[in-house]
2 protein chains.
Amino acid sequence: MAKYPLIKSTLKERLLSSHYPEGLPLPSEPQLAKEFEVSRMTARRAIDELEREGYVYRIQGAGTFPTGKRFRQGVFRVRPFKEWARGAETSTRVLQARIVDATPEMGIVMQIPVGDGVIFIHRVRCAGDEPLVIEKRYINAEMAQGLLEHNLAVESIHEVMVEKLGISMTRVEQSLEAVNLRQEEADLLQVPLGTAAFLIRRTSYSGVKRVAYINYWVRGDRYAFQDSFEP
Amino acid sequence: MAKYPLIKSTLKERLLSSHYPEGLPLPSEPQLAKEFEVSRMTARRAIDELEREGYVYRIQGAGTFPTGKRFRQGVFRVRPFKEWARGAETSTRVLQARIVDATPEMGIVMQIPVGDGVIFIHRVRCAGDEPLVIEKRYINAEMAQGLLEHNLAVESIHEVMVEKLGISMTRVEQSLEAVNLRQEEADLLQVPLGTAAFLIRRTSYSGVKRVAYINYWVRGDRYAFQDSFEP
DNA sequence: GAGTGGTCTAGACCACTCG
DNA sequence: GAGTGGTCTAGACCACTCG
């Protein structure tokens, strides 16, 4: 039998029973290797998996720390559109891209005063002429000046903001819902009214400031998340 | 700079451009190590990440294969029902729990001969008298003898199987879809026909054997996944 | 400067697949 | 039996943190 699963489950038990105090590092990798009588690489492998599962985080030079009790809230990850539509020819249709005044709703989600400038971008992303995703972005206009001068049908908006405009995104919060498409969205995606879809709501932060709020509607009949894990 | 990210991105490009034909293995790990002039462990690390991201899958003894062009990407995690229905009083209604003969469909998903015994369990899980989740489980009867003698309205089926019946679950594969509820499911969840819901399909393995196949329908108007990360 | 995690090497043995 | 991926070792050097 492999050794690292035993190390992993032993450490997991200790973490769940608060054997290692929060805020303090776990024993170092060489120490754990010694305790379990394995090479450092084998100890690392166990920790690698615990890190991926959210039990610990590592800081190079400082140590490995318990994440505390917040881990394991439902987690999902969404990859860039181009990656998951791989194989097919992808294209993007820009329906709107302009500066608008923040409505009260935008003011709340963006945390800015009503009337402030907001860049509104409305796009449809297709794979092989089939529309798959609707995207509505609201971006703090003050923080992303010059964004509208780029070709939004070709360039990745996120990349432009990070690489060309120098905005550092420090945190992303998102939620995933299952919804029935309304007439407007159904028409754009060319499916019947009420078709089930994923709705992803995403807020991007730069420090404490909210840079962008995005809604994605993803066709439920064309997309699935997939996961595999060892319990 | 580290070497494995370059290997990874090179392989990813090749996979996206169909450089490696579907159905055939990629070059073996020793061959890739040689090509990129690194040790086998470094080549493996690049492939490890591609596997985790769903670009390739590996079969011990046979090779590493491209996963092909399915629009299936991303990762999500589902918490146990009791955790996310927290705060509310949860209850479970068992609609059916009996042994049936495997239909051809069950035979395929369970990888057993048609006609073999399958434990079928149909439950509805509620929070505060409101139905939230429908569950249909198909379990290899041979591997889970005695399961039906437990109180399935109270006990966790997974825990009974692992702790009481001694079945070791080694791997779980699952997918997450957005679907419109059909009449039967809508009635059980007391929502209108066609309401959007999450459909989770889960297969549990014990080694190479498939222990269980489960479908969960989760009300889209009552559940959302949440995630937050640093890019 | 001592200690930490990040990466890498050149081997080794094993379980498994396949013709 | 040859080849594959799965695991492991005992080292090494590096970038980074911290007192």
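A note on names: the letters A, B, ... follow the listed sequences, proteins ahead of strands, and every chain is numbered from 1.
Residue B/Arg45 has a polar side-chain atom (N or O) positioned under 4.0 Å from OP1 or OP2 of C/dT7. The shortest distance between the side-chain N/O atoms of A/Thr42 and the OP1/OP2 oxygens of D/dT7 is not below 4.0 Å. Dashed line: the shortest gap from a side-chain N or O of B/Thr64 to OP1 or OP2 of D/dG5 is under 4.0 Å. Checking the phosphate oxygens (OP1, OP2) of C/dG5, no side-chain nitrogen or oxygen of A/Arg44 falls inside 4.0 Å. The shortest distance between the side-chain N/O atoms of B/Tyr4 and the OP1/OP2 oxygens of C/dC8 is not below 4.0 Å.
The separation between A/Leu32 atom CG and C/dG3 atom C1' is 14 Å, rounded to whole Å. The interatomic distance linking B/Leu6 (CG) with C/dC8 (C1') rounds to 15 Å, in whole Å. What separates CD of A/Glu29 from C1' of C/dT7 is a distance of 11 Å, to the nearest Å. Distance B/Asp48 CG to D/dG5 C1': 11 Å, rounded to the nearest Å. In this structure, the CZ atom of B/Arg58 is 9 Å from the P atom of D/dT7, given to the nearest Å. Following rounding to the nearest Å, A/Leu50 (CG) and C/dG5 (P) show an atom-to-atom distance of 13 Å.
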Problem - Per-nucleotide protein contact string for nucleotides 10-19 of chain C (B base, S sugar-phosphate only, - none; heavy atom under 4.0 Å) - result: B-B--BBBS-
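Pairs engaging residues 138-151 of chain B under the side chain to side chain donor-acceptor pair (under 3.5 Å) rule: none recorded [sequence neighbours left out]. Every pair passing salt bridge (Lys or Arg N to Asp or Glu O under 4.0 Å) that includes a residue from residues 56-67 of chain B is listed here, sequence neighbours excluded: B/Glu29-B/Arg58, B/Asp48-B/Arg58, B/Glu51-B/Arg58.
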Fill in the blank from the handout: Under the rule of Watson-Crick or G-U wobble with both distances under 3.5 Å, where | means paired to another strand and [ ] a crossing pair, DNA chain C maps to ||||||||||||||||||.
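Here A/Glu13 pairs with nothing under the side-chain hydrogen bond (donor to acceptor under 3.5 Å, both in side chains) rule; sequence neighbours left out. B/Lys8 is linked by a side-chain hydrogen bond (donor to acceptor under 3.5 Å, both in side chains) to B/Glu49, B/Glu53, counting only residues two or more places apart in sequence or in another chain. Shown here are the side-chain hydrogen bond (donor to acceptor under 3.5 Å, both in side chains) partners of B/Asn215, two or more places apart in sequence or in another chain: B/Tyr213. Residues passing the ring pair (Phe, Tyr, Trp, His ring centres under 6.0 Å) test with A/Tyr20: none are found, sequence neighbours excluded. Every residue two or more places apart in sequence or in another chain that forms a side-chain contact (heavy atoms from CB on, under 4.5 Å) with B/Val114 is listed here: B/Pro104.
Comparing D/dT4, D/dC8, C/dT4 by their closest approach to the side chain of A/Ser28 singles out C/dT4. With D/dT9, D/dG5, C/dC8 as the candidates, the nucleotide lying closest to the side chain of B/Lys3 is C/dC8.
B/Arg210 and B/Thr203 share no donor-acceptor pair across their side chains, judged by distance under 3.5 Å alone.
Between B/Met169 atom CE and B/Ser204 atom OG the span is 5.0 Å, to the nearest 0.5 Å.
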